[in-house]
Amino acid sequence: MKLTVGFYCGLARRLSKETEAEVEVHEGATLRDVCAALAKKFPAFLGQLIVPGTHDLVEPHFFNVNGSRAANLDVTVQEGDRILLMAITAGG
Amino acid sequence: MFGYMGKILRVNLTENRITEERLEENIARAFLGGRGLGAKILFDELAPGIDPLSPENKLVVAAGVVTGIPFAGNCRYVIMGKSPLTNIWGETNASGFFGPELRFAGFDAIVFEGKAERPVYLWVHNGEAQLRDASHLWGKVTGETEELIKRELQDDRIRIASIGPGGENLVRYACVLSDFHHANGRTGMGAVMGAKNLKAIAVRGTLKIPLADRDRIAELCKQASKEVWEGAYKDLLHKYGSDGDLDDLHATGRLPTKNFQKCTFEQYENITGETMAETILVRRDPCFACPIACNQVVAAQEPYVVDPAYGGPEYESAAALGSTCMNGDLVAVAKANELCNKYSLDTISTGVTIAFAMECYEKGLLTKADTDGIELTWGNHQAIIQLVEKIAKREGIGDLLAEGVKRAAEKIGRGAEAFAIHIKGQEVPMHEPRGKKGVGLAYATSNRGACHLQAEHDDFFEDPSWLFPEIGLDKTIDRLDMGRDKARMVKILGDFKALYDSLSVCMYASWPEGGVRVQTIKDIVAAATGWDVTLAELMTVGERAFNLCRAFNVREGVSRKDDVLPARLMEPLPEGLYQGQAIPKEQFEQMLDYYYEFRGWDKETGIPTEEKLEELGLGYVTAKLKTSRQSK
């Protein structure tokens with residue numbers, strides 16, 4: 001299935017030069033699978049934004065799915081979900 | 001008493017008299033230092049209703065109990081007095097080296113009162129203090145003032161907090177600078193110094209802070225060093241400074257732009273921390289004992305010569321002098337920042353005031369006839385630079401803008417008030433409350449007027465890993481939530497920040513933004529003082545300080561009617577991820593009800609109740625508030 005991930009953090013936009021990206025993942029995919037697909041599409045994400053191997057998100061980044069913060073990367077997603085890649089912004 | 005130098009210096013400028021007072025242990029334990037100690041001194045000693053620029057105002061310079069103990073984030077100090085910008089509680093913090101040096105020079109705090117007959121500066125050295133003539137320094141910018149004092153006293157290691165022409169000319173948002181670029185930025189304490197003919201405070205010392213358990217402190221400092229390296233923001237802060245956040249705030253549509261009319265900025269990439277690092281950055285400077293080194297130092301030749309001695313813009317300065325004025329020229333931002341540091345002007349208030357003037361110009365309320373011929377169009381960075389100069393010198397249009405947006409709008413009239421983005425008279429900083437609504441409540445209830453540092457921002461507390469049940473932060477809350485739990489969160493965080501400002505520790509080194517754990521800081525306080533302190537006791541100190549500052553403001557006439565947001569910040573956001581998000585008045589008022597309930601304040605008036613003050617050991621404050629109300 002195809003999913004669109006919105007980039008609502010500066011690092012993802014800077015590394016990809018995009019504000020969103022479409023990725024293809026299998027039915028029943030988790031957010032970790034989305035991370036793997038993003039890393040494949042944008043190798044520059046590896047290291048700075050996505051941990052090589054585990055495909056964890058580098059702190060303080062997280063996903064927001066359909067308006068709520070995703071508890072972890074094991075959350076499954078489906079076609080039509082609104083997926084945002086974000087960062088905790090400190091302020092100050 | 002351990003943990004303190006145990007002495008407060010009192011400097012009567014009118015009588016040219018300096019005395020020492022003992023810091024009593026019961027006061028130290030109840031207020032710790034910094035904000036808490038200043039609140040105690042100023043509430044007790046200032047009469048309500050005084051003119052902040054008169055000799056009746058006092059200025060307290062205070063370090064905290066951990067200031068100068070060598071762990072990351074221990075370097076801050078606070079300057080406090082009645083604010084000439086807001087006419088209420090004034091308070092401003094800075095990092096760097098001045099705070100620790102004040103303690104090594106023998107004092108936990110200095111209280112200035114009266115007004116010197118002619119310009120002076122205070123020289124404090126190893127327990128001795130003297131007032132020295134500063135006539136030859138008057139009119140000099142901050143950096144030159146520092147250099148001349150160091151030359152005069154023949155010691156390069158002296159730390160100096162000084163004002164430039166902005167403070168001398170009583171710009172209502174003049175700040176105080178130390179080491180050329182560490183700014184005690186907000187609420188106009190530089191103008192209070194100027195009104196007192198106090199050009200600078202110079203400190204130097206080699207005295208040791210008495211510590212109850214020096215071995216334990218050494219262990220805890222090692223522990224803190226380990227923790228600071230584990231902080232989630234350490235690398236970001238080191239590489240880009242706080243301006244590393246600017247691109248995230250643009251991406252989420254929370255970057256104040258065009259005087260808060262917009263929340264994204266097309267030219268944002270020009271002014272990010274990343275761009276700064278790739279273009280004009282020359283080095284990163286640390287503060288005392290801190291390995292993060294988040295101070296970004298910049299230099300440039302074209303289109304402006306920017307002097308690296310004055311540091312570089314952090315996030316607030318980059319957004320206030322950049323996106324808020326639609327200025328996408330990084331070197332111009334850096335130049336305006338340099339001038340603010342030279343002249344001692346708060347970058348936030350300066351930027352927001354210039355943006356206000358630009359909107360007045362756009363809407364025809366100001367014309368070239370008012371602006372001394374300057375074309376005050378959005379993004380015109382030559383105009384921004386010219387205005388910074390004029391504000392500092394109170395020349396032409398600068399004289400009006402030196403008053404801040406509230407007073408300037410009242411003078412301009414014809415609806416200009418709608419473009420004056422302030423709370424309680426202080427210009428709103430660079431955080432969009434419609435995309436993090438706890439910030440809106442913290443803005444409205446801040447004791448020093450609009451302030452982004454009264455409560456850590458909402459983003460953290462959506463994530464369970466950032467919760468802190470030991471202080472009551474025990475459930476995640478969405479950034480857009482405006483309910484009861486959000487009000488409780490803002491109350492707890494308000495007490496927590498008041499504690500940090502009393503200790504005085506840096507938010508970038510300590511939880512949640514920095515790695516040093518609160519438990520470690522508590523243990524350092526215990527090992528330094530020998531007191532068996534608990535986290536609950538420390539949180540009560542924060543709550544006590546917060547309430548005493550509120551009581552100070554109540555005495556000046558503040559009540560629920562003043563806990564408001566500018567109308568513009570309640571309207572639906574026009575664009576971005578949170579397009580359409582507003583802060584509806586009814587919901588805001590409901591949130592305020594909840595907040596007062598958690599605070600133990602009267603819901604109708606917003607005044608701390610007798611029971612709450614009694615509970616905090618501030619029973620005597622009730623009587624003073626009653627006397628004050630009766631005399632009105």
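Here is the naming used below: chain letters follow the sequence lines, and residue numbers restart at 1 for every chain. Values below: every heavy atom of this structure, side chains too, minus hydrogens, waters and symmetry copies.
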Seminar exercise, completed: Against chain A, residues from residues 229-239 of chain B with at least one heavy atom under 4.5 Å, in numeric order, are B:Ala232, B:Tyr233
Exercise. Salt bridge check: are B:Lys475 and B:Asp485 linked by an N-O gap of less than 4.0 Å?
Worked result: yes
Problem set entry | Atom group of B:Tyr240 that falls short of 4.5 Å from chain A, counting heavy atoms | side chain
Exercise. Can we call the ring centroids of B:Trp511 and B:Phe496 under 6.0 Å apart?
Worked result: yes
For this session: State whether A:Asp74 and A:Arg32 are salt-bridged, where the test is any N-O pair (Lys NZ or Arg NE/NH1/NH2 against Asp/Glu carboxylate O) under 4.0 Å.
Result: yes
For this session: Side chain from CB out, backbone as N, CA, C, O: work out which of these in B:Glu269 comes under 4.5 Å of a heavy atom of chain A, or both, or neither.
Result: neither
Exercise. Ring pair (Phe, Tyr, Trp, His ring centres under 6.0 Å) with A:Phe45: which residues, sequence neighbours excluded?
Worked result: A:Phe7, A:Phe42
For this session: Using a strict 4.0 Å threshold on nitrogen-to-oxygen distance, state whether B:Asp501 and B:Arg448 make a salt bridge.
Result: no
Problem set entry | Side-chain ion pair, B:Asp463 and A:Arg69, N-O less than 4.0 Å | yes
Problem set entry | CD on A:Glu24 to CG on A:Asp33, rounded to 0.5 Å | 13.0 Å
For this session: Can you tell which part of A:Leu11 gets under 4.5 Å to a heavy atom of chain B, answering side chain, backbone, both or neither?
Result: backbone
